[in-house]
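In what follows, chains are A, B, ... by sequence order, proteins preceding strands, each numbered from 1. Computed from a prediction, not measured in an experiment: that's the story for all the values here.
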Amino acid sequence: MIATMAHRPAATILHADLDAFYASVEQLLDPSLRGRPVAVGGGVVLAASYEAKAYGVSGGMAGWRARQLCPDLVITGGHFRDYQRLGDATIDVLRDVTPLVERISIDEAFLDVTGSVHLFGSPATIAAAIRERVRDELGLPISVGVATTKHLAKVASQVAKPDGLVVVEAGDEARFLEPLPVGLLWGVGPATRTKLADRGIHTIGELGATSPDVLRRLLGQAAGTKLGALATNDDARHVDTGRRARSVGAQSALGRRQATADEVRTALGYLADRVAGRLRGAGQAGRTVTVRVRFPGMRAITRSATFAWAVSSTLTLAEIAFDLVATALEDEPNEHEITLLAISVSHLEPEGELQLELPVEPAERHRPGSPRGAARSATDQAVDRVRERFGRSAVAYARTAFRPDRGVPDDFRELAEHDLDRTA
DNA sequence: TCTGGGGTCCTAGGACCC
DNA sequence: TCTGGGGTCCTAGGACCC
């Protein structure tokens with residue numbers, strides 16, 4: 001074991017990341033948008049072109065704020081099918097280089113090209129070829145970072161943006177990292193950056209020079225240890241082609257709504273339908289149900305319950321979620337309005353394992369093996385089959401006729417969903 | 001004129017078991 | 001006689017990422 005760690009051979013990892021992805025697709029589809037500040041989204045900016053970023057517009061920003069910063073901003077978007085198609089096509093280009101591709105989102109992936117160099121040339125040559133193909137065949141700019149570890153490759157691709165290539169040679173890592181701001185490290189967000197800045201730590205070099213004990217006291221056990229390792233480029237993660245989802249969820253922003261039982265039940269019915277449908281589609285079910293309720297002012301609370309059996313039935317999930325939200329609201333007698341509801345299911349396992357001897361729990365009435373559970377399972381299967389043939393909107397549970405009147409279309413939700421059964 | 005939707009991981013405290 | 005220590009699981013909240 002020790003010998004393996006000490007003599008771990010140097011790998012070559014690429015991180016490929018499409019630039020301002022949704023915005024670039026819009027500029028590709030509509031040439032009149034090229035060279036102009038473009039934001040994809042509406043109430044919230046999902047992606048901003050580099051022309052828009054120059055005005056300070058960025059992802060996650062409220063739409064009115066973006067327009068305020070950039071009066072000429074073109075707000076467009078909604079071509080979610082094209083985003084999916086072009087994201088998939090980019091990943092296909094990467095898979096022509098090596099099967100060792102770990103996709104981490106619609107527009108970004110790691111590649112382990114350690115074994116590809118005698119086929120295709122140096123890592124820099126491979127990276128340049130990838131960029132050229134994506135540019136020529138798909139019409140999109142993509143940045144690539146090359147390094148000996150995943151984490152450093154990701155930092156390198158961020159430094160390469162927009163539309164660039166950065167290669168960090170083995171042995172040159174420390175010199176590359178030292179002057180960079182800590183915020184470029186994976187896992188350093190606003191809160192951590194502030195804590196570090198309060199200690200006078202601004203660069204990765206300064207972070208690496210800080211004692212592990214100090215970092216652990218400042219940031220907690222895990223984060224302190226991890227960041228210290230990243231700052232000194234001690235990252236042994238390998239490219240993983242078969243990661244499985246650990247939870248499945250859905251949420252809906254509601255505007256400001258009275259938290260009446262009817263409003264809550266309707267919204268939860270819609271969310272439960274999405275979540276349970278995806279679970280069944282992947283042949284999975286989950287033992288833990290978590291709900292989240294957000295109030296005006298962005299404060300949010302969560303409530304969860306874990307059972308001895310796993311849930312995948314739409315109506316059962318909806319009932320459990322309703323009970324959880326009801327108790328959460330009872331704990332908040334001063335809140336009368338809500339702005340968001342969410343359902344998430346975790347502790348996933350294969351669906352449909354019959355469990356006979358079950359402990360009696362308060363929520364026992366939800367148990368899938370009961371007569372009612374069997375009826376629900378049959379209903380779910382019938383609905384799933386109709387939808388397979390005729391599409392999602394062909395049939396709905398009575399409670400799920402809810403259409404979120406604000407928020408995003410279902411196409412976007414599907415785009416953001418992570419694959420439940422991504423196997424090698 | 002307070003802001004989307006999909007996730008992952010960590011922490012702290014408590015229950016419970018041996 | 002009221003006292004140890006370790007482990008696991010669960011819950012709620014928070015930070016972070018795309």
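In this entry the distance linking CG of A:L341 with P of B:dG6 reads 13 Å, nearest Å. In this structure, CD of A:Q251 is placed 7 Å from C1' of B:dG4, rounded to the nearest angstrom. Here the P atom of nucleotide B:dT1 and the CD atom of A:Q68 are 9 Å apart, to the nearest Å. For the pair A:F80 CZ and B:dG5 P, the computed distance is 11 Å after rounding to whole Å. The distance from atom CG of A:L218 to atom C1' of B:dC10 is 15 Å, rounded to the nearest whole Å. Nucleotide B:dG4 holds its C1' atom 7 Å from the CG atom of A:L46, rounded to whole Å. In this entry the distance linking CG of A:D410 with P of B:dG4 reads 16 Å, nearest Å. As a whole-Å value, the separation of A:L340 CG from B:dG5 C1' is 9 Å.
Atom CZ of A:R81 has 12 or fewer neighbouring heavy atoms from other residues, nucleotides or ligands inside a 6.0 Å radius. Within 6.0 Å of CZ on A:R85 lie more than 12 heavy atoms contributed by other residues, nucleotides or ligands. Within 6.0 Å of atom OH in A:Y55, 12 or fewer heavy atoms from other residues, nucleotides or ligands are found, so the atom counts as exposed in its surroundings.
Sorted by residue number, the list of members of residues 47-54 of chain A with any non-hydrogen atom under 4.0 Å from DNA chain B is empty. Listed in residue order, the members of residues 177-204 of chain A having a heavy atom less than 4.0 Å from DNA chain C are A:L185, A:W186, A:G187, A:V188, A:G189, A:P190, A:A191, A:T192.
No engagement by A:R65 is indicated, since no non-hydrogen atom pair under 4.0 Å with the nucleic acid exists. Looking at heavy-atom distances under 4.0 Å, A:G41 makes no contact with the nucleic acid at all. Counting non-hydrogen atoms under 4.0 angstrom, A:A300 reaches nothing in the nucleic acid. Within the 4.0 angstrom heavy-atom criterion, no nucleotide atom of any strand lies near A:R292. Residue contacts shown for A:R294 are limited to sugar-phosphate atoms, with no base heavy atom under 4.0 Å away. Within 4.0 Å of A:I301, counting heavy atoms only, lie sugar-phosphate atoms of the nucleic acid but no base atom.
The salt bridge (charged side-chain N to carboxylate O under 4.0 Å, His left out) search around A:R65 returns none, not counting sequence neighbours. By the salt bridge (charged side-chain N to carboxylate O under 4.0 Å, His left out) test, A:D30 pairs with no residue at all, sequence neighbours left out. Partners of A:R135 according to the salt bridge (charged side-chain N to carboxylate O under 4.0 Å, His left out) rule, which considers only residues two or more places apart in sequence or in another chain, are A:D163. Every residue two or more places apart in sequence or in another chain was checked for a salt bridge (charged side-chain N to carboxylate O under 4.0 Å, His left out) with A:E132, and none qualifies.
Screening residues 74-95 of chain A for ring pair (Phe, Tyr, Trp, His ring centres under 6.0 Å), with sequence neighbours left out, gives A:Y22-A:Y83, A:F80-A:Y83, A:F80-A:F412. The salt bridge (charged side-chain N to carboxylate O under 4.0 Å, His left out) contacts involving residues 184-211 of chain A comprise nothing, where partners must be two or more places apart or lie in separate chains. For residues 87-112 of chain A, the pairs satisfying ring pair (Phe, Tyr, Trp, His ring centres under 6.0 Å) are A:H15-A:F110, with sequence neighbours left out.
Side chains of A:S346 and A:S247: no donor on one and acceptor on the other come within 3.5 Å. With hydrogens and angles left out, the side-chain atoms of A:T339 and A:R257 include no donor and acceptor closer than 3.5 Å. For the residue pair A:D107/A:S105, the side-chain donor-acceptor check at 3.5 Å is satisfied. Using modelled atom types and a 3.5 Å distance limit, the side chains of A:E178 and A:T203 yield no donor-acceptor pair. Side chains of A:T314 and A:R280: a donor on one and an acceptor on the other come within 3.5 Å.
Stretches of at least 3 consecutive Watson-Crick or G-U wobble pairs, with each checked distance under 3.5 Å, appear in DNA chain B as B:5-18 with C:5-18.
Distance noted for atom P between B:dT3 and C:dC18: 24 Å (whole Å).
Of the inter-residue distances, the one linking A:R133 atom CZ with A:D92 atom CG reads 9.0 Å to the nearest 0.5 angstrom.
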With the criterion being N/O to N/O and under 3.5 Å, what pairs connect the protein with nucleotides 11-18 of chain B, and how long is each?
{"residue": "B:dT11", "atom": "OP1", "partner": "A:Q221", "partner atom": "N", "Å": "3.1"}
{"residue": "B:dT11", "atom": "OP1", "partner": "A:A222", "partner atom": "N", "Å": "2.7"}

Atom pairs under 3.5 Å, N or O on each side, protein against nucleotides 7-9 of chain B: can you list them with distances?
{"residue": "B:dG7", "atom": "OP1", "partner": "A:R278", "partner atom": "NH1", "Å": "2.4"}
{"residue": "B:dG7", "atom": "OP1", "partner": "A:R278", "partner atom": "NH2", "Å": "2.5"}
{"residue": "B:dG7", "atom": "OP2", "partner": "A:G249", "partner atom": "N", "Å": "2.7"}
{"residue": "B:dG7", "atom": "OP2", "partner": "A:G249", "partner atom": "O", "Å": "3.1"}
{"residue": "B:dT8", "atom": "OP1", "partner": "A:R246", "partner atom": "N", "Å": "2.7"}
{"residue": "B:dT8", "atom": "OP2", "partner": "A:S247", "partner atom": "N", "Å": "3.3"}
{"residue": "B:dT8", "atom": "OP2", "partner": "A:S247", "partner atom": "OG", "Å": "2.4"}
{"residue": "B:dC9", "atom": "OP2", "partner": "A:R246", "partner atom": "NE", "Å": "3.1"}

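For A:R287 and A:F307, the positive end is not near the middle of the six-membered ring at less than 6.0 Å and at most 45° from its axis.
Both A:R274 and A:M61 lie close to DNA chain B; mapped to their nearest nucleotides by heavy-atom distance, the more 5′-ward contact belongs to A:M61.
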